[in-house]
J.: 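Before anything else, here's the structure in question.
Within every chain, numbering begins at 1; the chains are lettered A, B, ... in the order of the sequence lines, protein sequences first and strands thereafter. Bear in mind the structure is a predicted one, so any value in this text is a computation, not a measurement.
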Protein chains: 2
Amino acid sequence: MKSNQITIKDIARELDISPSTVSRALKDHPDISPKTKKQVRELAEKLNYQPNSIALSLRSSKSNTIGVVIPQVVHFFFSTIISGIEDIAYAAGYSVMVAQSNESYDREVMDTKALFNNRVDGILVSMSRETTDYAHLEFLHNRGIPMVFYDRVCDSIDCSKVVVDDFDGGYRATKHLIEQGYKRIAHLAGPHSLHMFRQRLDGYKKALQEHGLPIDESLILPENASDDENVAKELTERLLNLDERPDAIFANNDIAALGAMITIKEHGLKVPSDIGIVGFSNWRFTALTEPTITTVAQPGFEMGQEAARLLIEAIEAKDDEVITSVTKVLKTELVVRGSSVK
Amino acid sequence: MKSNQITIKDIARELDISPSTVSRALKDHPDISPKTKKQVRELAEKLNYQPNSIALSLRSSKSNTIGVVIPQVVHFFFSTIISGIEDIAYAAGYSVMVAQSNESYDREVMDTKALFNNRVDGILVSMSRETTDYAHLEFLHNRGIPMVFYDRVCDSIDCSKVVVDDFDGGYRATKHLIEQGYKRIAHLAGPHSLHMFRQRLDGYKKALQEHGLPIDESLILPENASDDENVAKELTERLLNLDERPDAIFANNDIAALGAMITIKEHGLKVPSDIGIVGFSNWRFTALTEPTITTVAQPGFEMGQEAARLLIEAIEAKDDEVITSVTKVLKTELVVRGSSVK
DNA sequence: CTGAAAGCGCTAACAG
DNA sequence: CTGTTAGCGCTTTCAG
């Protein structure tokens, strides 16, 4: 199907003027006479002329497109981030190209390459879980293409980053439980290799210390409870069978929290009156009407917005401007629904 | 930051041959001598030459990009669709440009226009809830730009479509309840204006009839229970207070199902032993470990894949080929978790 | 005030 | 086998 694009030439021919005049008239260049401008604009309107953005991109070597590399689209947190990115990008006149790594390193390498080849003006990236080699990202960075990391950042590359304050989140979640009267708060860990989980654990410990509660290592289960519900259940089972069982559980995500909740109920105990739960919400709970679990909501939308803002700023900076890399740390929000009080 | 793109010219200059020779060598044109090819390829490799896809697009008037207009990104069903689209597009060498209408008609108009101006090769669209005027879509269609609708389709435009078989879903969900022994199945409706909800209701009725059960209008609540949990609760309340209360509930989405479940429990009744629930899962339940509720899962990933496949097929069809519009109807999947038997 | 020409990076006739 | 030329649609000097 041949698309009969109206071009600047068509208008020129019709009006018997030169293409350059049309171009100028269209962008309201002061040199052009009001009369010509009017004619051109009217004809353009009539023919429904739309500038060919590809030609523009080629000429200006600017595509007005930003690339987003994302580990998974089907994920509450990440989809929220996309939404935030889209929000800002759209308002600033940029299109958003999304490439999903599916948590695969190889795919991430291909994706960054593809986006680069598509000449995006800048790129937002959150690394896959597998990624430990940063050559593909360093390549882009060295190429001078503006880049901003969000959530899963790469420390060794000097560019702006947006992250969540997980320490603070872990701290506040725990503090909340303490203030509700819980005293023996267990901690279901996430994968220890990831920075954010260690941060949350540290926040948890700080809150305990601050309130004069002991850090009981038997309540801190190091196994990763946040990927498999059954693991979470097993670990909770173990906690409940302790001589001195916990009266609250800190879960690193929804899978862990849900597994814990189910097991607790199976034991005939009640949430939150017998055992309180606070869960980080990276997926389910934000959507879930579960008033018994206090959730730590991740600021996905804000993260997307902030990352897009920083990227666009970097893209639009004049060549001689010095862009200083900043790292934005966003706070989580503690969502207490209904009566989650002990 | 000036990006020093390596171009075909650079290679030509270095090797003291013409750009066209380089171009040909790079695409393994038979005319070029093996020696030249080798030289060119090696230098290209060494300089890390990457063809400028914008120049290619301009020349071929093909961008290898497909546009996706989506009502909401942060939605389990829709994000799954994006994932399916991305999957197919990536494999076929296309990039995906995502534009979110946020269920706004105006925004949808802007989005389609923006994608069009970005010269996407084709467009996948699911209409916003507000959309009742199709001029913007007809415009694209008349322009000859390949277009495929998914989920929220526009009947008046002749192009391929991918939809869910809601009648079948409603039918099977109801049938399942009946086979579990439930006899008085209530129906919490969705917004009556939307086709899919009427379809499900029809499926529900057919299942009842087929099994010789009466269609009791007092059990079919016409109010839209699927947007507001409180409405769902109220309606369930009303159902439970009937002289002959239902022994099962058909909910049109997770909000309705969840509201129903909570209310049922508040009445001291048990799900599913006292009252069974089947819920369409457009958001929460797919993610929710709720073994007491049977869910009708929407085939989002397949829908995205199928839509992308149809679109790419249309894009890549030769000009003289006749593309016949097809409408793919995808089946839902009934997910029975744990013991949802009465 | 307007036009001619060059060029963004690439490819494809058309000529050797 | 390889080079020259023209052109995709647009902007922007440079000349009038």
Side-chain angles (χ1 to χ4, degrees), chain A residues 1-41 43-44 47-65 116-121 143 319, chain B residues 1-41 43-44 47-65 116-121 143 319:
Chain A
M1 191 80 80
K2 188 78 216 85
S3 63
N4 319 323
Q5 278 311 315
I6 303 294
T7 77
I8 227 168
K9 271 186 179 173
D10 298 321
I11 299 181
R13 194 170 345 96
E14 189 98 359
L15 258 37
D16 205 33
I17 54 179
S18 78
S20 27
T21 305
V22 176
S23 169
R24 282 184 278 234
L26 252 15
K27 37 184 18 88
D28 207 20
H29 190 103
D31 273 1
I32 305 297
S33 74
K35 199 184 89 202
T36 312
K37 278 185 191 168
K38 186 154 173 290
Q39 285 184 314
V40 170
R41 278 205 281 252
L43 185 55
L47 299 180
N48 207 318
Y49 165 77
Q50 301 286 14
N52 183 327
S53 62
I54 296 197
L56 287 173
S57 296
L58 179 60
R59 180 139 221 296
S60 60
S61 37
K62 180 150 193 319
S63 61
N64 277 289
T65 298
F116 175 67
N117 286 346
N118 272 306
R119 299 299 191 276
V120 293
D121 291 335
R143 275 279 189 210
D319 285 354
Chain B
M1 190 81 76
K2 187 80 214 82
S3 64
N4 319 322
Q5 277 312 315
I6 303 293
T7 78
I8 227 167
K9 272 187 179 172
D10 298 320
I11 299 182
R13 196 174 338 99
E14 189 97 359
L15 258 35
D16 205 32
I17 55 178
S18 79
S20 29
T21 305
V22 176
S23 169
R24 282 185 278 232
L26 252 15
K27 35 183 19 90
D28 208 21
H29 190 101
D31 274 0
I32 305 296
S33 74
K35 200 185 85 200
T36 312
K37 278 185 190 167
K38 187 154 171 289
Q39 284 184 313
V40 169
R41 277 203 283 250
L43 185 57
L47 299 179
N48 207 318
Y49 165 76
Q50 301 286 16
N52 183 327
S53 63
I54 294 194
L56 286 174
S57 296
L58 179 59
R59 180 136 222 292
S60 60
S61 38
K62 180 152 193 317
S63 61
N64 277 290
T65 299
F116 175 69
N117 286 346
N118 272 306
R119 298 305 193 273
V120 293
D121 291 335
R143 274 277 188 212
D319 285 355

J.: Between the side-chain atoms of A:Arg119 and the base atoms of C:dG9, is any donor-acceptor pair under 3.5 Å?
T.: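 Answer is no: no donor-acceptor pair is held.
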
J.: Report the nucleotide, chosen from D:dT4, D:dC8, C:dC8, that has the shortest atom-to-atom distance to any side-chain atom of A:Lys9.
T.: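 Of all the options, the side chain of A:Lys9 is nearest to D:dC8.
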
J.: Answer yes or no: does atom NZ of A:Lys62 have more than 12 heavy-atom neighbours from other residues, nucleotides or ligands under 6.0 Å?
T.: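 Yes - once you tally the heavy atoms of other residues, nucleotides and ligands closer than 6.0 Å, there are more than 12.
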
J.: Would you say B:Ser20 reaches C:dC10's phosphate, i.e. side-chain N/O to OP1/OP2 under 4.0 Å?
T.: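 For C:dC10, OP1/OP2 do not have a side-chain N/O of B:Ser20 under 4.0 Å.
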
J.: Nearest whole Å is fine: how far is C:dG9 P from A:Lys62 NZ?
T.: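 So the NZ-P distance, A:Lys62 to C:dG9, works out to 17 Å.
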
J.: Verify the contact: side-chain N or O of A:Ser60 to OP1 or OP2 of D:dC10, cut-off strictly under 4.0 Å; return yes or no.
T.: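 No, A:Ser60 has no side-chain N/O under 4.0 Å of OP1/OP2 on D:dC10.
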
J.: Return the nearest nucleotide to the side chain of B:Pro51; candidates are C:dA4, C:dC10, D:dC10.
T.: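 It is C:dC10.
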
J.: With respect to the side chain of A:Asp31, which nucleotide from C:dC10, D:dT12, C:dT2 is positioned closest?
T.: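 Shortest atom-to-atom distance from the side chain points to C:dT2.
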
J.: Between C:dG9, C:dA4, D:dG3, spot the one nearest the side chain of B:Ile17, thanks.
T.: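 Of the options given, the side chain of B:Ile17 lies nearest D:dG3.
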
J.: From the set C:dC10, D:dT4, D:dT12, return the single nucleotide nearest to any side-chain atom of A:Ser23.
T.: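 The nucleotide sitting nearest to the side chain is D:dT12.
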
J.: Counting side-chain heavy atoms from C-beta on, which of C:dA4, D:dG3, C:dC10 comes nearest to B:Ala55?
T.: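 So the nucleotide nearest the side chain must be C:dC10.
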
J.: What's the closest nucleotide to the side chain of B:Asn52 if the choices are C:dC10, C:dT2, D:dG3?
T.: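 Closest of the options to the side chain of B:Asn52: C:dC10.
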
J.: Of the nucleotides D:dG9, C:dA4, D:dT2, which one has an atom closest to the side chain of B:Ile32?
T.: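 That would be D:dT2.
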
J.: So if I take every side-chain heavy atom of B:Ser33 and compare against C:dG9, D:dG3, D:dC1, which nucleotide ends up nearest?
T.: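 It is D:dC1.
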
J.: Taking for each residue the nucleotide of DNA chain D with the nearest heavy atom, is it A:Arg24 or A:Ile8 whose nucleotide lies nearer the 5' end?
T.: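 Counting from the 5' end, the first nearest nucleotide belongs to A:Ile8.
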
J.: So if I take every side-chain heavy atom of A:Arg59 and compare against D:dT5, C:dG3, D:dT12, which nucleotide ends up nearest?
T.: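 For the A:Arg59 side chain, the nearest candidate turns out to be D:dT12.
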
J.: Please confirm whether the shortest side-chain N or O distance from A:Thr21 to OP1 or OP2 of C:dT2 is below 4.0 Å.
T.: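 Answer is no, no contact under 4.0 Å.
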
